[in-house]
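Everything on this sheet refers to the single structure shown next.
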Amino acid sequence: MHAIHRLDLGYFVRPAAEAGGPEPRVEPVLAYLVRRPEGLLLFDTGIGGGDPGTEAHYRPVRRPLPAALAAVGVAPADIDLVVNCHLHFDHCGGNPLLAGTPVLVQAAELATARRGDYTIDALVDFPGAVYRELDGEAEVWPGVRVVPTPGHTDGHQSLLVDHPDGGTVVLAGQAYDFASEFGSAVLARRAAAEGVAPPLPGYRPWLDRLLRPDAPAGGGPRRVLFAHDNAVWEPAGQS
């Protein structure tokens, strides 16, 4: 069985100073359950318990991971593999509930998290934590591949999931905050490729890998899904 379920794990309030405008912004916290013949993979795990300063700063409202999983017929014990896009507290908060389940993370990201002053330490090294450290791109299961997408953090990673009917679904995490930002980057890349005269906006070089120009026919992304945006990016002309 092949399916991807989006999980609502709550939201937080990003202060105006971080949101880049006159008002704060409320952002969803989304995780994704990937069903494959090989098992169940969970991409991100929600908002962890923060220290008082973090709680006051972001004012998070949590939806418990077990409840979100139960809504799609799954229990935490059913999860075979966890992939965190990065280890900030709003992406790895449910990891301690999955003790003993392997967590795939870029080695650079884990090293940064363990140096402190980066995330909530108890969400990183908890009893039963099992990490599989990656150094770059890696095939997780057939048709499921981790791709480094640095930017938000140096060790950020995204997940490419092949669709059985062709193309891929990209779980982008926080590689871009919003679908509109991703779409703007895709157009910047296209303009550069088509020889539009500068100046042009830049785009992150790993975007080439996410768009998979070397993939078989129909191998590009069908959808791109994000950690903090309910909107979904789809290529133009897709019905």
Got a second to check how far [X]'s [atom1] is from [Y]'s [atom2], nearest 0.5 Å?
X	Y	atom1	atom2	value
L171	S158	CG	OG	8.0 Å
L87	T153	CG	OG1	8.0 Å
L225	L30	CG	CG	9.0 Å
C85	H152	SG	NE2	7.5 Å
R223	T168	CZ	OG1	10.5 Å
F12	R62	CZ	CZ	11.5 Å

Would you be so kind as to tabulate the donor-acceptor pairs closer than 3.5 Å made by side chains of residues 195-207, with sequence neighbours excluded?
| from | atom 1 | to | atom 2 | distance (Å) |
| --- | --- | --- | --- | --- |
| R204 | NH1 | A175 | O | 2.4 |
| W206 | NE1 | P150 | O | 2.7 |

Please report the shortest heavy-atom distance between [X] and [Y], naming the atom on each side.
X	Y	result
V124	A129	O-CB, 4.0 Å
A99	P127	CB-O, 3.4 Å
I47	P60	CG2-CB, 3.9 Å
P221	V170	CB-CG2, 4.0 Å

Name all residues meeting the side-chain contact (heavy atoms from CB on, under 4.5 Å) criterion together with [X]; count only those two or more places apart in sequence or in a different chain, and write none if there are none.
X	result
A138	L134
T54	D51, Y58, F89, I120
L81	L41, P102, L104, R132, V140, W141
V13	P24, V26, R59

Do [X] and [Y] share a hydrophobic cluster (ILVMFWY, side-chain heavy atoms under 4.5 Å, transitive)?
X	Y	result
V147	V161	no
L69	L159	no
V72	Y32	no
V103	L65	yes
V83	Y176	no

Joining Ile, Leu, Val, Met, Phe, Trp and Tyr whenever any side-chain heavy atoms lie under 4.5 Å apart, the cluster holding F178 also takes in none

Quick note, ring-ring contact (aromatic ring centres under 6.0 Å, His included) partners involving residues 112-136, not counting sequence neighbours, are H88-Y118

Residue pairs passing the salt bridge (Lys or Arg N to Asp or Glu O under 4.0 Å) test with at least one member in residues 5-16, sequence neighbours excluded, are R14-E18, R14-E27

In short, salt bridge (Lys or Arg N to Asp or Glu O under 4.0 Å) pairs touching residues 113-130 with sequence neighbours left out are R114-D125

| request: For Q106 and E133, run side chain to side chain contact (heavy atoms under 4.5 Å, CB included): C-alpha distance rounded to whole Å, both residues' side-chain angles, the deciding distance at 0.1 Å, then the answer. | output: CA-CA 5 Å; Q106 293 293 315; E133 297 183 47; over 6 Å; no

**Request:** Walk me through it: do H228 and D90 pass the test side-chain hydrogen bond (donor to acceptor under 3.5 Å, both in side chains)?
**Result:** CA-CA 10 Å; H228 296 311; D90 53 325; 3.0 Å; yes

Sequence neighbours excluded, the answer for side chain to side chain donor-acceptor pair (under 3.5 Å) partners of N95 is T45, N84

Sorted by chain and number, sequence neighbours left out, side chain to side chain donor-acceptor pair (under 3.5 Å) with H163 holds for none

Check: Under the side-chain hydrogen bond (donor to acceptor under 3.5 Å, both in side chains) criterion, do R35 and H2 qualify, and how do the steps go?
Finding: CA-CA 5 Å; R35 295 180 185 266; H2 299 260; over 6 Å; no

Intermediate values then yes/no, ring-ring contact (aromatic ring centres under 6.0 Å, His included), H156 and H91 | CA-CA 11 Å; H156 192 283; H91 295 264; 7.3 Å; no

Under 3.5 Å, is there a donor-acceptor pair between the side chain of [X] and the main chain of [Y]?
X	Y	result
D80	L40	yes
D229	F226	no
E55	G50	yes

Checklist entry - How about Y11: does its OH atom have over 12 heavy atoms from other parts shown lying under 6.0 Å from it? => result no

Is atom CD of E139 surrounded by more than 12 heavy atoms (other residues, nucleotides or ligands) closer than 6.0 Å?
yes

Going through the distances and angles, do T149 and Q157 end up as a side-chain hydrogen bond (donor to acceptor under 3.5 Å, both in side chains)? CA-CA 5 Å; T149 49; Q157 60 186 8; over 6 Å; no

message: Using side-chain heavy atoms (C-beta onward) and a distance below 4.5 Å, is L210 in contact with L160?
response: yes

Next item on the list: Taking the side chain as every heavy atom from C-beta outward, state whether D44 and V82 have any atom pair closer than 4.5 Å.
Entry: no

I'd like a table of donor-acceptor pairs (distance under 3.5 Å, sequence neighbours excluded) in which one partner is a side-chain atom from residues 180-188, with atom names and distances.
| from | atom 1 | to | atom 2 | distance (Å) |
| --- | --- | --- | --- | --- |
| E181 | OE1 | D177 | N | 3.3 |
| S184 | OG | S180 | O | 3.1 |

R145/E137 salt bridge by N-O under 4.0 Å criterion: yes

Note to self: Test side chain to side chain contact (heavy atoms under 4.5 Å, CB included) on R189 and D208; report intermediate values, then the result.
What the structure shows: CA-CA 8 Å; R189 175 180 177 274; D208 291 336; 2.5 Å; yes

